[in-house]
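Keep in mind that what you see is a predicted model, and the values were worked out from it rather than measured. Atom set for the values below is all heavy atoms of this structure, side chains included, hydrogens, waters and symmetry mates excluded. Proteins get letters first, then strands, A, B, ... in listed order; numbering begins at 1 in each.
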Amino acid sequence: MTIKVGSNLERVLESGQFAVTAELGPPKSADPNVVREKARLLAGHVDAVNITDNQTAIVRMSSIGAGLIAMQEGLEPVIQMTCRDRNRIAIQSDLLAASALGLRNLLCLTGDHQRFGNHPQSKNVFDLDSIQLVQMVRNMRDEKKFQCGEDMPVSPQLFVGAAENPFGDPFEYRAIRLGKKIAAGAEFIQTQMIYNVEKFARWMEMVRALGLHKKAYILAGVGPIKTAGAARYMRDKVPGMDVPDAIVDRMAGAPKGGAKAEGLKVCVDIINAVKQIEGVAGVHIMAIEWEEAVPELVAQAGLAPRPKLAEPVGAAQQG
Amino acid sequence: MIIADQKPLAEIRQITSRFQKLLVVGCQECVTVCFAGGAKEVAVLSSALRMAEQIDGNPKEIVEFTSVRQCDPEYVLDLADKIAKVDAVLSMACGVGVQTVAEHFPNTFVLPALNTTSMGRNTGPGVWVETCAGCGNCILAETGAICPVARCSKSLLNGPCGGSHKGLCEISDDVPCAWAQIYERMSRLEMLATMEQIAPPKDWSTARDGGPRKRVREDLQL
Amino acid sequence: MEPQVVAFCCHYCAFAAADLAGTMRLTYPANVKIIRVPCTGKADMLYLLRAFEDGADAVFVAGCLEGNCHYLEGNLRAKKRVQYLKKLLDEVGVGGERLEMFNMSAAMAQRFAEAANEMTERALRLGPSPLRKRELVEVKAQ
């Protein structure tokens with residue numbers, strides 16, 4: 001696959017090296033320093049960082065805004081865009097700005113229903129779904145056309161990704177749906193957090209059978225667990241999550257005060273396991289509200305130091 | 001048909017509080033079928049109102065009636081004699097009926113007793129679910145006659161989102177995942193290849209987003 | 001003034017039980033007015049509401065034991081209606097406690113007497129229905 005946009009993430013993946021991305025949750029406030037602190041924890045330890053977009057329908061500083069701040073700290077952001085809050089007019093408009101500001105990676109998502117968030121009475125949009133969004137962005141970039149067909153002189157330069165849940169239902173359909181996202185133009189894929197490595201391996205078999213691993217870079221999602229309670233909660237209460245009892249037992253069996261350390265070990269083991277699976281091009285580490293764990297995880301998994309193949313556009317503009 | 005729920009009694013009392021003589025008028029069509037505003041419901045609500053208002057010392061006089069339909073002028077105009085004798089009309093029809101009565105009796109207070117919700121079907125005794133969103137551009141031919149616009153919480157057009165689990169929607173275990181149902185139907189009909197095609201962004205201008213819709217058959221206009 | 005209690009009794013069980021109670025000389029208050037219906041499933045919500053509108057202080061519906069309804073499900077429909085109306089009567093201000101459902105076989109005369117006694121006791125304890133404004137005095141059964 002040839003380089004289209006030139007982001008650090010794209011270059012690392014294209015070079016064949018195992019990529020590492022992480023996540024940064026913007027604050028529920030207008031405080032840029034929260035973003036700066038989190039960005040400083042992560043800069044240099046990962047290839048790019050997803051900046052979430054009103055995750056779980058809870059209002060937070062926007063992904064593009066927080067992404068710009070993170071970029072000024074030397075981090076390369078992956079902007080996230082959901083279909084829940086914006087129609088095609090707002091999405092295209094925001095993406096033009098994102099590109100103009102130097103942001104170069106985009107993850108296209110459907111978005112959690114607003115019922116889960118802190119504004120359940122809001123109207124939702126869903127003018128587009130995530131597959132139509134991927135297609136629209138690729139057309140903007142490569143055909144230089146708006147969704148309505150009109151031309152644009154300078155198109156947004158974005159490396160386009162999508163998410164997939166290997167553990168969703170119906171299981172047989174999941175690889176086909178991934179195929180649709182890739183056919184629509186997704187260039188990289190980040191999966192939902194993996195705890196059931198065996199089931200993920202089966203999903204990858206289906207993915208490989210369709211040749212999808214050769215058409216897009218697949219990054220396996222992982223997430224360190226802090227406590228046995230959290231493990232149980234994810235197993236029992238979160239739809240679409242598959243947490244085997246063995247993992248819960250490991251967390252429960254940790255010595256007092258040693259839960260976090262065990263959680264990191266579990267995560268490292270999963271990273272090492274998925275690295276062995278053919279077709280997995282990297283990991284996406286989701287250490288929610290535990291960003292400080294990321295550098296240690298990356299190091300323990302033998303993935304440090306990270307290559308630096310492109311300067312973030314924003315950093316060059318700083319003095 | 002159109003599905004509606006009764007407003008809570010407290011809200012109905014608050015809406016009608018300044019009127020002493022009421023015409024409570026139901027409708028024999030959709031709201032009868034979903035047991036929200038038919039003749040029986042008119043009688044039960046009227047009884048409840050009479051008792052509640054008497055207990056609070058503001059006795060109300062209530063006239064009860066059920067129209068054939070409240071969305072056609074010919075049946076609504078028939079209410080004229082009854083409306084002339086009351087202070088306000090409490091309509092137990094859907095939102096369409098309430099507005100039709102108001103349109104033909106513009107000097108009368110016409111109040112809704114129901115919260116109209118959707119176009120839907122009966123799935124079992126006492127259960128009605130939203131089925132059609134009135135998008136104005138029907139895609140049921142491509143989805144095995146299961147509508148994702150109405151029955152998918154996010155109106156997705158290219159398959160389920162990541163929140164679909166065990167055939168259920170992420171918003172509630174009461175809501176089936178429409179795409180799981182479509183997948184199952186399309187498998188049975190051996191039409192899965194259709195699901196692999198990318199459905200383009202929907203033209204929402206034919207839906208309510210484009211403005212209130214109007215249908216005209218010119219051959220019927222003299 | 002004695003409490004007004006109205007009882008909707010199904011022909012096959014509760015009414016027979018009431019009859020038997022009389023034959024056995026079991027005491028239950030004389031102010032309980034019995035209305036015989038073929039099945040409690042026939043006891044429309046409106047019959048129950050009208051009873052209250054007309055001044056009843058308490059109303060009960062008495063049918064066959066669940067599973068033994070002569071018309072199979074009539075007593076289950078009555079049960080649901082009574083549950084619905086109890087909530088409505090609370091909202092209206094009459095009080096859902098004034099309405100109840102009882103189940104009995106034709107042989108359970110004692111159960112009928114208990115139901116009649118209980119509802120009369122409730123009518124006395126709760127006072128006259130707010131739709132009436134008179135004092136109540138208990139009248140002993142004859």
Side chains of Arg177(A) and Pro160(B): does their closest heavy-atom pair fall under 4.5 Å? yes
Shortest non-hydrogen contact between Arg174(A) and Ser164(B), atoms and distance: NH2-CB, 4.2 Å
Find the one option among Cys177(B), Ser153(B), Gly163(B) whose heavy-atom pairs under 4.5 Å with chain A are most numerous. Ser153(B)
Select one option (side chain, backbone, both, neither) describing which atoms of Arg84(A) are under 4.5 Å from chain B's heavy atoms. neither
Between Lys154(B) and Cys83(A) (side chain of the first, backbone of the second, donor and acceptor by atom type, cut-off under 3.5 Å), is there such a pair? no
Is there a donor-acceptor contact under 3.5 Å from the side chain of Glu196(B) to the main chain of Ile176(A)? no
Side chain from CB out, backbone as N, CA, C, O: work out which of these in Asn165(A) comes under 4.5 Å of a heavy atom of chain B, or both, or neither. side chain
Just wondering, more than 12 heavy atoms not from Tyr233(A) lying within 6.0 Å of its OH? no
Within a strict 4.5 Å, meaning less than it, do heavy atoms of the Pro201(B) and Gln147(A) side chains meet? yes
Are the side chains of His113(A) and Cys161(B) in touch, meaning some heavy atoms are under 4.5 Å apart? no
Is it the backbone or the side chain of Glu184(B) that comes under 4.5 Å from a heavy atom of chain A, or both, or neither? neither
For each of Ser187(B), Gly167(B), Cys169(B), Pro200(B), tally heavy-atom pairs with chain A at distances under 4.5 Å, and name the one with the top tally. Pro200(B)
Can you tell me if CD1 on Ile139(B) sees more than 12 non-hydrogen neighbours from other groups inside 6.0 Å? yes
Counting only heavy atoms not in Gln221(B), do more than 12 sit closer than 6.0 Å to its CD atom? yes
Work out which heavy atom in Leu157(B) is nearest to a heavy atom in Asp129(A); give both atom names and the distance. N-OD2, 3.0 Å
Please flag which part of Lys166(B) lies under 4.5 Å from any non-hydrogen atom of chain A: side chain, backbone, both or neither. both
Criterion side-chain contact (heavy atoms from CB on, under 4.5 Å) on Lys180(A) and Asn158(B), from CA distance to verdict: CA-CA 8 Å; Lys180(A) 253 179 120 164; Asn158(B) 281 289; 3.0 Å; yes
Side chain to side chain, Glu170(B) and Phe116(A), heavy atoms closer than 4.5 Å: yes
Max heavy-atom pair count under 4.5 Å with chain B, selected residue of Val125(A), Leu109(A), Ile131(A): Ile131(A)
Over 12 foreign heavy atoms within 6.0 Å of CZ, Phe109(B): no
Whatever's closer than 4.5 Å to a heavy atom in chain B on Tyr173(A) counts as both
Side chain / backbone / both / neither for Gln192(A) at chain B, heavy atoms under 4.5 Å: neither
